[in-house]
Enquirer: 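Mind having a look at this structure? Questions to follow.
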2 protein chains.
Amino acid sequence: MNAAKGTSVSPGDRGVVDYEHSCEAGPEVGRTIRDVLDRVGDKWSLLVIATLREERMRFSELLRHIPGISQRMLTLTLRQLERDGLITRTAYAEVPPRVEYELTALGGTLVVIARTIGDWAIAHHGEIERSRARYDARRPPHGGAE
Amino acid sequence: MNAAKGTSVSPGDRGVVDYEHSCEAGPEVGRTIRDVLDRVGDKWSLLVIATLREERMRFSELLRHIPGISQRMLTLTLRQLERDGLITRTAYAEVPPRVEYELTALGGTLVVIARTIGDWAIAHHGEIERSRARYDARRPPHGGAE
DNA sequence: CGGAATCCCTTGGGATACTG
DNA sequence: CAGTATCCCAAGGGATTCCG
């Protein structure tokens, strides 16, 4: 996402973490988390991935299956995913044109992430909602005690 | 990110949450993924979670351990995480003041997500880099054939 | 020390219109 | 059908300053 235009890019940016040992899931998680989050942590990427889990779909199909997305964002997201090698784009030289998208093997591995996240959300969103309500009750938005 | 202020009324926001019939991995994974992504999919939340995996840390410690973050974003992120019940904030009435943050049990469950993401990134970021390079080589950013 | 407030530029992303 | 191109507003987030 961040092209070579960085005016607000800090020197060194998010490349360095003072983690000493880099075991597979150890303390260096920070940098890697940022890395993958910059890639698929946007509003739609994981959603697209999850939507075409294993079936190839056309542009308009995806548009219909992902309710909130605009055609612009679908296009941009698909382009980025294609660039990252997570999906393939196949255009048929027909009229009217037909374009199909499909997960690559690499993209398929991301489904695990999607599932993990989905499972977590399903398991804990209730707790979070309650916690939020409690917090907001203690810290009223604007007024004091009324 | 704006805490209790009530001003953020995003048009077209996904306000519908009917997870009652939550299918564990069906086509509507979308909503759940979006849900958790809206919560911890921002630039710093998962990073903070991963950083204070199990040890309580003070504000300035976190600031030092998460290189790229600004004091402002750390504050906002911590507030949100506290509101969501993912961390606890303990302020000691001393001088100079000392504040410590710690993962809650709920927050601890998020570490699984962080690990999954971290593992995935470690395993595949090389492939992605290569794919990007290949893509960019085929589609030059601005110029024609060079 | 730990924040809260302000400033302000950058980015995300929706709406709409046009094209091959 | 499957995009591209513009416009434009709102959210994200860094830098800086002020405060208990």
Side-chain angles (χ1 to χ4, degrees), chain A residues 1-14 34 37-48 56-82 87 89-101 139 141-142, chain B residues 1-14 34 37-45 47-48 56-83 87 89-101 139:
Chain A
M1 278 305 192
N2 28 6
K5 200 63 187 304
T7 22
S8 62
V9 176
S10 309
D13 202 19
R14 45 88 221 219
R34 285 239 33 82
L37 243 52
D38 284 348
R39 232 161 229 122
V40 294
D42 59 70
K43 203 171 178 182
W44 303 110
S45 288
L46 264 184
L47 216 19
V48 170
R56 46 177 21 210
M57 295 176 72
R58 338 186 17 170
F59 187 86
S60 45
E61 276 187 286
L62 283 167
L63 211 51
R64 261 179 284 113
H65 276 77
I66 309 176
I69 202 170
S70 62
Q71 88 289 48
R72 171 191 144 88
M73 287 320 294
L74 180 55
T75 299
L76 291 178
T77 303
L78 289 170
R79 285 286 167 280
Q80 181 195 277
L81 292 177
E82 187 194 0
I87 64 172
R89 192 190 105 114
T90 312
Y92 298 89
E94 308 171 352
V95 44
R98 176 165 55 103
V99 179
E100 291 187 343
Y101 295 92
R139 277 82 164 181
H142 184 239
Chain B
M1 213 54 109
N2 34 12
K5 202 61 190 301
T7 9
S8 60
V9 273
S10 312
D13 195 329
R14 47 87 227 167
R34 277 290 308 284
L37 243 52
D38 283 349
R39 242 172 265 283
V40 294
D42 59 73
K43 203 171 179 184
W44 302 110
S45 288
L47 214 17
V48 170
R56 48 180 18 213
M57 296 176 71
R58 337 185 17 171
F59 187 86
S60 45
E61 276 187 287
L62 283 166
L63 210 52
R64 261 178 285 115
H65 276 76
I66 310 175
I69 201 170
S70 65
Q71 154 268 60
R72 172 192 143 89
M73 287 319 295
L74 180 55
T75 300
L76 291 177
T77 303
L78 288 171
R79 285 287 166 279
Q80 181 195 272
L81 293 176
E82 187 194 0
R83 186 167 102 105
I87 64 173
R89 192 190 105 112
T90 312
Y92 298 89
E94 307 172 351
V95 46
R98 176 166 54 102
V99 180
E100 293 187 343
Y101 294 92
R139 278 83 162 181

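Residue numbers begin at 1 in each chain, while the letters A, B, ... track the order of the sequences.
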Enquirer: Base, sugar-phosphate or nothing for A:Y92? Non-hydrogen atoms, less than 4.0 Å.
Expert: nothing

Enquirer: Take atom CG of A:D42 and atom C1' of D:dG12, then tell me their distance rounded to the nearest Å.
Expert: 14 Å

Enquirer: Sequence neighbours excluded, which residues qualify as side chain to side chain contact (heavy atoms under 4.5 Å, CB included) partners of B:R89?
Expert: B:R79, B:E82, B:A91, B:V99, B:Y101

Enquirer: Which distance, rounded to the nearest 0.5 Å, do you find between the OG of B:S45 and the CD1 of B:I87?
Expert: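 If I round to the nearest 0.5 Å, the distance is 9.0 Å.
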
Enquirer: Out of curiosity, A:L37 CG to B:L37 CG, how far, rounded to the nearest 0.5 Å?
Expert: 7.0 Å

Enquirer: Nearest-Å distance, CG (B:D38) to P (C:dG12)?
Expert: 15 Å

Enquirer: Between D:dA2, D:dG13, C:dG13, which one does the side chain of A:V99 approach most closely?
Expert: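 So the nucleotide nearest the side chain must be D:dA2.
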
Enquirer: For a stem of at least 3 consecutive Watson-Crick or G-U pairs with distances under 3.5 Å, i pairing with j, i+1 with j-1 and so on, which stems involve DNA chain C?
Expert: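 If one scans DNA chain C for consecutive Watson-Crick or G-U pairs, the stems found are C:1-20 with D:1-20.
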
Enquirer: Considering only C:dG14, D:dA2, C:dC1, which nucleotide approaches the side chain of B:R58 most closely?
Expert: C:dC1

Enquirer: May I ask you to verify if any side-chain N or O of A:K43 is less than 4.0 angstrom from the OP1 or OP2 atom of D:dA11?
Expert: no

Enquirer: Please list, chain by chain and in numerical order, all residues satisfying side chain to side chain contact (heavy atoms under 4.5 Å, CB included) with A:I69, sequence neighbours excluded.
Expert: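 Side chain to side chain contact (heavy atoms under 4.5 Å, CB included) list for A:I69, sorted by chain: A:W44, A:L63, A:I66, A:M73, A:L74.
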
Enquirer: Going by salt bridge (Lys or Arg N to Asp or Glu O under 4.0 Å), name the residues that satisfy it together with A:R56, two or more places apart in sequence or in a different chain.
Expert: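 A:R56 satisfies salt bridge (Lys or Arg N to Asp or Glu O under 4.0 Å) with A:E100, A:E102 once adjacent residues are dropped.
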
Enquirer: Checking contacts here: which listed nucleotide (D:dG14, C:dG14, D:dA2) is nearest the side-chain heavy atoms of A:S60?
Expert: D:dA2

Enquirer: Please list, pair by pair, any protein nitrogen or oxygen found under 3.5 Å from a nitrogen or oxygen in nucleotides 4-7 of chain D.
Expert:
residue : atom : partner : partner atom : Å
D:dT4   : OP1  : A:R79   : NH2          : 3.4

Enquirer: May I ask you to test the A:T77-A:L47 pair for a side-chain heavy-atom distance under 4.5 Å?
Expert: no

Enquirer: Quick check for you: to the nearest 0.5 Å, what is the distance between B:R58 atom CZ and B:S60 atom OG?
Expert: 5.0 Å

Enquirer: Could you tell me which residues satisfy salt bridge (Lys or Arg N to Asp or Glu O under 4.0 Å) with A:R39, sequence neighbours excluded, listed by chain and number?
Expert: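 With sequence neighbours excluded, A:R39 shows a salt bridge (Lys or Arg N to Asp or Glu O under 4.0 Å) to A:D35, B:E129, given in chain and number order.
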
Enquirer: Whole-Å distance between D:dG13 P and B:I69 CD1?
Expert: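 Interatomic distance, CD1 of B:I69 to P of D:dG13: 10 Å.
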
Enquirer: How many whole angstroms separate atom CD of B:Q80 from atom P of D:dA11?
Expert: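 Nearest whole value for this atom pair: 15 Å.
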
Enquirer: Nearest whole angstrom, please: distance from the C1' of C:dG13 to the CG of A:L63.
Expert: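 Taking atom C1' of C:dG13 as the reference, CG of A:L63 is at 14 Å.
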
Enquirer: With respect to the side chain of B:P96, which nucleotide from C:dC1, C:dG13, D:dG14 is positioned closest?
Expert: C:dC1

Enquirer: Considering only D:dG20, D:dG13, C:dG13, which nucleotide approaches the side chain of A:M73 most closely?
Expert: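 Closest nucleotide to the A:M73 side chain: C:dG13.
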
Enquirer: Please give, in whole Å, the distance from D:dG12 C1' to B:L76 CG?
Expert: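 About 10 Å, once rounded to whole Å.
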
Enquirer: Would you kindly give the CZ-to-C1' distance between B:R34 and C:dG13, to the nearest whole Å?
Expert: 11 Å

Enquirer: Could you give the CD1-to-C1' distance, from A:I66 to C:dG13, as a whole number of Å?
Expert: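 Whole-Å distance recorded here is 15 Å.
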
Enquirer: Distance from B:R34 atom CZ to A:L46 atom CG, nearest 0.5 Å?
Expert: 11.5 Å

